[in-house]
Amino acid sequence: MRLSTSLLAAVGAVPLATAQLHELAVKAGLQYFGAATDTPGFREREPYPESYSQYDAILEDPKEFGQTTPTNGQKWLFVEPEPGVFNFTEGDYVADLANRTDKILRCHALVWHSQLAPWVETTEWTKEGLREAIVRHITKVAGYYRGRCAHWDVLNEALDEDGTYRKSVFYNVLGEEYIQLAFATAAKVDPEAKLYYNDYGIERPASVKTAGAVRLVKMLKDAGIKVDGVGMQAHLHADNHPSEADLINTIGMYKEVVDEVAFTELDVRIKIPVDEQKLQWQSECYQKVVGACVKTKDVCVGITVWDFYDPFSWVPHVFAGNGASLLWFEDFSKHPAYDGMVNYFGELIEAQGGNATSVE
């Protein structure tokens with residue numbers, strides 16, 4: 001899909017000179033604006049080899065994206081497919097890209113109930129055996145990437161929809177202890193990395209899951225265990241998303257228990273078919289995230305979109321009838337949300353007394 005002139009006018013998209021997302025984010029006081037990525041030839045990317053060259057040029061542009069995250073390559077399924085057997089090939093692809101293009105690397109994710117190697121879920125665990133497996137996994141993976149990860153998502157999605165602990169293989173055997181063990185081990189192995197709890201559905205201040213995230217982090221703090229930040233995944237909906245004020249209030253709740261927060265997996269899905277109204281809603285949602293982060297920049301360090309190119313999105317594969325959740329369409333034309341964010345960054349920079357059209 002390519003944007004028409006009338007559609008661009010409908011969302012009031014007037015680009016600010018040649019300014020791009022990361023350079024604007026930094027000018028506005030954030031540490032980064034980034035995009036997650038994955039290994040070429042696998043999963044969502046497999047059908048689109050003809051897109052790789054143009055995609056790579058956008059991803060690697062330091063003015064566009066100053067940070068990246070491996071969407072899959074550091075997960076248990078890929079790095080420890082058999083007990084004690086480690087393979088860092090996919091994680092290294094993104095880590096090496098970050099190093100080569102001078103991007104901040106957020107690492108993801110040491111402990112998660114999903115995308116586990118099958119042996120983790122089929123083993124009849126004793127408490128001691130699972131403790132040893134968790135410590136071995138974190139020690140090996142975080143140790144291998146030590147010094148390269150600015151952040152680690154130590155624990156991903158440990159909460160159920162009602163804010164209670166998810167009944168994962170880890171929780172069923174060890175209870176709350178596995179959470180403490182994961183963070184304590186990560187802190188020991190890579191003391192310089194910022195350690196995050198990361199989850200979806202924790203962006204609204206009245207959500208029971210948001211309250212659960214606060215409780216989880218406070219539990220770690222009360223136990224004297226290092227936890228630096230909360231990652232709000234922000235897999236949002238164009239037609240029903242938090243207000244900027246709600247996002248700011250939620251960040252304020254996390255500020256009470258951690259030093260920093262980040263939007264870690266931002267995308268805004270649209271119910272197909274795409275039309276101008278839905279793209280307008282999507283643009284407004286992306287802008288609200290930008291505004292919330294910049295207006296709380298003392299604690300919100302940055303924004304990561306969960307990839308930027310629609311064909312590489314996970315959304316259509318998981319949420320039937322939804323798509324177009326990112327910033328570039330299949331033909332590499334941009335969503336209105338892109339220029340919407342550029343313009344809103346510019347307004348925020350001007351409000352701070354800066355010059356949005358002359359970013360260093």
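Distance check, rounded to the nearest 0.5 Å: CG of D92 to CG of N87 gives 8.5 Å. We find the CD-CG distance between Q67 and L30 to be 12.0 Å, quoted to the nearest 0.5 Å. A distance of 5.0 Å separates CG of L159 from CG of D199, quoted to the nearest 0.5 Å. Considering CG of L236 and CZ of R204, their distance stands at 8.0 Å, rounded to 0.5 Å.
No side-chain N or O of E265 forms a donor-acceptor pair with one of T304 less than 3.5 Å apart. Between H235 and R269, the side chains place no donor N or O within less than 3.5 Å of an acceptor N or O (distance only, hydrogens not considered). Side-chain atoms of E176 and Y165 include a donor-acceptor pair closer than 3.5 Å. With no hydrogens or angles considered, no side-chain donor-acceptor pair links Y200 and N156 at under 3.5 Å. In this structure, a donor-acceptor pair under 3.5 Å is present between the side chains of W314 and D267. With 3.5 Å as the limit, one finds no donor-acceptor pair spanning the side chains of T164 and R215. Side-chain atoms of N322 and H237 form no donor-acceptor pair, as typed in the model, at a separation below 3.5 Å. Using modelled atom types and a 3.5 Å distance limit, the side chains of R45 and Y55 yield a donor-acceptor pair. Side-chain contact of Q233 with E157: a donor-acceptor pair under 3.5 Å is present, judged by distance alone. Side chains of E90 and T39: a donor-acceptor N/O pair is present below 3.5 angstrom, by distance only. Under 3.5 Å, the side chains of D307 and S313 contain no donor-acceptor pair of N or O atoms.
At a threshold of 4.0 Å, the pair K334-D339 does not count as salt-bridged, since none of the basic side-chain nitrogens sits closer than that to a carboxylate oxygen. A salt bridge does not link D96 with R100: every distance from a Lys NZ or Arg NE/NH1/NH2 to an Asp or Glu carboxylate oxygen is 4.0 Å or more. We find that E192 and R146 are not joined by a salt bridge, their nearest charged nitrogen and carboxylate oxygen being 4.0 Å or further apart. Residues K278 and D239 are not paired through a salt bridge, judged by the lack of any N-O separation under 4.0 Å between the basic side chain and the carboxylate. Ion pairing between a basic and an acidic side chain is recognised when a charged N comes within 4.0 Å of a carboxylate O; K194 and E260 show such pairing. No salt bridge links K167 with D160; every basic N to acidic carboxylate O contact stays at or beyond 4.0 Å.
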Might you work through the ring pair (Phe, Tyr, Trp, His ring centres under 6.0 Å) test for Y344 and Y286, ending with a clear yes or no? CA-CA 10 Å; Y344 196 28; Y286 272 104; over 10 Å; no
Audit row: H22, D61, side chain to side chain donor-acceptor pair (under 3.5 Å) steps and yes/no: CA-CA 9 Å; H22 175 65; D61 185 340; over 6 Å; no
Worked verdict on Q115 versus K75 for side chain to side chain donor-acceptor pair (under 3.5 Å): CA-CA 7 Å; Q115 287 185 272; K75 292 172 181 173; 2.9 Å; yes
Dump the intermediate steps for salt bridge (charged side-chain N to carboxylate O under 4.0 Å, His left out) on E256 and K218, then the final yes or no. CA-CA 9 Å; E256 296 296 316; K218 190 172 185 303; over 6 Å; no
Any chance you could lay out the salt bridge (charged side-chain N to carboxylate O under 4.0 Å, His left out) test for K140 and E80, step after step, and finish with the verdict? CA-CA 9 Å; K140 193 74 172 182; E80 194 181 358; over 6 Å; no
Assess the residue pair E276 and Q280 against the criterion (side chain to side chain donor-acceptor pair (under 3.5 Å)); give the C-alpha distance rounded to whole Å, side-chain angles, the decisive distance to 0.1 Å, and a yes or no. CA-CA 6 Å; E276 291 184 6; Q280 166 107 24; over 6 Å; no
Let me see the working for Y171 and E177 under side chain to side chain donor-acceptor pair (under 3.5 Å), right down to the final yes or no. CA-CA 8 Å; Y171 184 81; E177 178 193 345; over 6 Å; no
Working for ring pair (Phe, Tyr, Trp, His ring centres under 6.0 Å), residues W328 and Y338: CA-CA 8 Å; W328 272 259; Y338 179 94; 5.3 Å; yes
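Placement of V141 and Y93 within a single hydrophobic cluster is found when ILVMFWY residues are connected by side-chain heavy-atom separations under 4.5 Å, directly or transitively. Cluster membership check: V169 does not share its hydrophobic cluster with F78, using side-chain heavy-atom separations under 4.5 Å among Ile, Leu, Val, Met, Phe, Trp and Tyr. L21 and V26 are members of different hydrophobic clusters when ILVMFWY side chains are connected at heavy-atom separations under 4.5 Å. Residues V217 and M219 share a single hydrophobic cluster, defined by chaining ILVMFWY side chains whose heavy atoms lie under 4.5 Å apart. V79 and V135 fall within a single hydrophobic cluster, where Ile, Leu, Val, Met, Phe, Trp and Tyr side chains are chained together by heavy-atom contacts under 4.5 Å.
Residues that satisfy the side-chain contact (heavy atoms from CB on, under 4.5 Å) test with A238, not counting sequence neighbours, are V268, I270, W281, Q282. With sequence neighbours left out, the ring-ring contact (aromatic ring centres under 6.0 Å, His included) criterion links F170 to W76, Y178.
Heavy atoms only, all atoms of each residue included: Y197 and A158 are closest at OH-N, 3.0 Å. For the pair V227 and F183, the tightest heavy-atom approach, listed with the atom from each and the gap, is CG2-CE2, 3.7 Å. Residues Y254 and V261 come closest through the heavy atom pair CB-CG1, 3.6 Å. Nearest heavy-atom pair across P70 and L105 is CD-CD1, 4.2 Å. Heavy atoms only, all atoms of each residue included: G34 and Y32 are closest at N-CD1, 4.0 Å. Scanning both residues, D228 and A193, for their nearest heavy atoms gives OD2-O, 3.8 Å.
In this structure, the side chain of K226 engages the main chain of P191 through a donor-acceptor pair within 3.5 Å. With hydrogens and angles ignored, the 3.5 Å screen pairs a side-chain donor or acceptor of T68 with a backbone N or O of A35. Of the possible donor and acceptor atoms, none in the side chain of D190 sits under 3.5 Å from a partner among the backbone N and O of A186. For E350 (side chain) and E347 (main-chain N/O), no donor-acceptor pair under 3.5 Å exists by modelled atom type. Remark: the backbone N or O of W125 is not paired with any side-chain donor or acceptor of T123 at under 3.5 angstrom. Side-chain atoms of H335 come within 3.5 Å of backbone atoms of L326 as a donor-acceptor pair (strictly under, hydrogens ignored). Without hydrogens or angle criteria, S283 side chain to L279 main chain gives no donor-acceptor distance under 3.5 Å. A distance-only check finds a donor-acceptor pair linking the side chain of E203 to the backbone of G201 [under 3.5 Å].
Checked against the 6.0 Å centroid threshold, Y144 and F86 do not count as a close aromatic pair. Aromatic ring centroids of Y145 and F88 lie under 6.0 Å apart.
Relative orientation of the F332 and Y309 rings is parallel, given thresholds of 30° and 60° on the angle between their planes.
Residue-environment remark: NZ (K127) stays at or below the threshold of 12 foreign heavy atoms within 6.0 Å.
Judged by the 6.0 Å and 45° rule, R106 forms no cation-pi pair with F65.
Only one option out of L195, V214, V230, V299 pairs with V258 in a side chain to side chain contact (heavy atoms under 4.5 Å, CB included); it is V230.
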